[in-house]
Amino acid sequence: MSAEAPAPGPTPSQTVGPFFGYALPFPKGGDLAPAGHPDTITVHGWVYDGAGQPVPDALIEVWQPAPDGSRHGAPGSLRRDPVTGAVLGRDGPAFTGFGRIATDADGHYAIRTLPPGGVPYLSLIVFARGLLHHLHTRVYLGDAEGDPLLGSLAPERRATLVATPEGGRVHRFDVRLQYDGVHEETVFLAFD
Amino acid sequence: MSTPLTQGDVSAEIADERAAYAKRLADGGAARDHPDRAYAPYRSSVLRHPKRPLVAAGAAAGDPEAVELSGPVFGVTDVTALDHDLTRQHRAEPLGERIKVTGRVLDRAGRPVRGQLVEIWQANASGRYAHQRDDHPAPLDPNFTGVGRTLTGEDGSYEFVTIKPGAYPWRNHVNAWRPAHIHFSLFGPAFTQRLVTQMYFPGDPLFAYDPILQSVTDDSARQRLIAAYDHDLSTPEWSLGYRWDIVLDGPAATWIEEGR
Ligand SMILES: [Fe+3]
């Protein structure tokens with residue numbers, strides 16, 4: 001416990017496994033935007049494996065700045081009833097910046113949120129059975145001129161990080177865990 | 001159809017991976033704290049791990065303003081008083097060996113990680129998850145769900161009261177059994193520090209056979225996934241105590257706002 005003790009080595013990652021579904025996801029986990037907010041955007045897509053098959057047991061987490069650019073988040077993503085222990089859902093006004101969505105039986109996920117302030121992207125983490133260590137990626141929305149990460153990538157790699165507009169404030173973003181013979185593998189990120 | 005994969009096949013692959021890692025170290029390679037995402041003895045990884053190298057992002061790649069250097073926050077509204085005690089979430093007590101699991105969450109500089117959400121999930125004492133897709137023919141326990149959460153204290157400490165989970169079979173290969181473990185999910189002040197992992201119990205005879213634990217090929221790193229039995233944490237006539245400290249990897253938050 002002394003301050004001089006050498007920093008201990010990091011705890012290794014292990015897979016989230018197949019049975020997180022009754023523990024980690026929570027109701028309205030993908031609904032970051034207050035219900036009915038006129039600026040709400042939808043980001044949705046499918047997660048695919050290296051055989052091109054959808055992944056029905058992936059968990060996606062999203063983190064982003066509030067529309068005003070602030071990055072301090074707010075508690076209450078999992079807001080719970082202290083009497084019954086049930087999930088109450090977000091309180092409405094507070095923008096927590098955090099969401100968590102399990103893919104459905106088709107490997108599909110959807111996030112309803114407000115546009116991030118100050119940056120053109122949402123930060124995602126992908127967890128799944130079979131992934132011994134989670135994966136970071138980003139969903140770029142619209143114009144990302146001058147972005148240092150996108151600028152460092154070859155065009156076909158860059159394209160994997162840019163959501164496809166589907167009209168009506170809906171954006172499609174698929175995650176390809178591995179090249180499937182046709183589709184490029186999504187760019188995953190390392191921070192150090 | 002190919003012949004069924006045996007424990008012997010998987011154990012031989014585990015030994016090969018271990019030898020390859022030892023050679024990498026001997027050749028001057030860096031020690032690895034985390035498993036490789038590509039670890040063939042764990043068959044589910046084969047089609048699900050990226051084959052391209054990860055792309056550097058964040059401060060080291062010239063972007064100190066990366067959003068991932070900040071992270072979500074959680075508070076008392078996200079956790080209820082009973083969430084950390086998995087033995088008190090139902091009308092009666094669950095079956096099994098009552099245990100306390102406690103420790104501290106630290107960042108890689110050894111500083112306590114305060115006020116962060118810790119979530120756990122686990123099988124019951126018979127090795128069965130309260131999950132529809134767990135069809136292992138072991139009994140469900142109506143008094144045990146196996147989900148807990150808590151916030152770390154000022155010193156980074158956390159504590160859960162639960163029952164010791166059982167080992168359970170899975171279909172990686174013929175006669176595959178997971179050693180008893182508790183799944184943990186952890187946050188730090190930065191999204192880059194996120195960790196999902198598993199805590200194991202000391203002396204489990206299944207360690208050598210399990211490709212998920214063995215995916216951590218570095219001996220000292222793998223040892224850090226195993227809790228210590230601590231007799232001083234055991235409560236007379238009530239529960240056994242285990243201590244497990246967790247160290248989050250990844251750069252810590254650089255983005256600090258006034259008042260937080
Ligand atoms: Fe498990």
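Naming: A, B, ... by sequence-line order, numbering from 1 per chain. Because only heavy atoms are used, hydrogens play no part in the values below, and waters and symmetry mates are left out as well, while side chains stay in.
Under a 3.5 Å cut-off, the side chain of B/R48 and the backbone N or O of A/Y48 do not form any donor-acceptor pair. Side-chain atoms of B/R224 come within 3.5 Å of backbone N or O of A/P10 as a donor-acceptor pair. No donor-acceptor pair under 3.5 Å is formed between the side chain of B/E68 and the backbone N or O of A/S123. Between the side chain of A/T11 and the backbone N or O of B/V247, at least one donor-acceptor pair lies under 3.5 Å. The backbone N or O of A/R79 sits nowhere less than 3.5 Å from a side-chain atom of B/T77 that would complete a donor-acceptor pair. No donor-acceptor pair closer than 3.5 Å links the side chain of A/Q178 to the backbone N or O of B/K51. The backbone N or O of B/S70 sits less than 3.5 Å from a side-chain atom of A/W63, completing a donor-acceptor pair. B/R194 contributes no side-chain N or O that, together with a main-chain N or O of A/I125, makes up a donor-acceptor pair within less than 3.5 Å. Side chain of B/E119 to backbone of A/A23: no donor-acceptor contact under 3.5 angstrom is found.
Each of B/A59, B/G146, B/S220 has some count of heavy-atom pairs under 4.5 Å with chain A, and the biggest count is that of B/G146.
The list of ring pair (Phe, Tyr, Trp, His ring centres under 6.0 Å) pairs with a residue in residues 146-192 of chain A, not counting sequence neighbours, reads A/H136-A/F191. Contacts classified as side-chain hydrogen bond (donor to acceptor under 3.5 Å, both in side chains) and involving residues 17-35 of chain A (residues at least two apart or in different chains) are given here: A/D31-A/R112.
Proximity to chain B involves both the backbone and the side chain of A/V16, based on heavy atoms less than 4.5 angstrom apart. When heavy atoms are compared at a cutoff of 4.5 Å, A/L88 does not approach chain B at all. Heavy-atom distances place no part of A/D91 under 4.5 Å from chain B, backbone and side chain included. The part of A/V62 that comes within reach of chain B is its backbone (N, CA, C, O), which places non-hydrogen atoms under 4.5 angstrom from that chain. Proximity to chain B is absent for every atom of A/R176, based on heavy atoms less than 4.5 angstrom apart.
The aromatic rings of B/F191 and A/F98 sit perpendicular to each other, their planes meeting at more than 60°, with 30° as the lower class boundary.
The minimum heavy-atom distance linking B/D78 with A/R80 is given by the pair O-CD, 2.9 Å. Taking every heavy atom of both residues into account, A/L135 and B/P50 meet most closely at CD2-CG, 3.7 Å.
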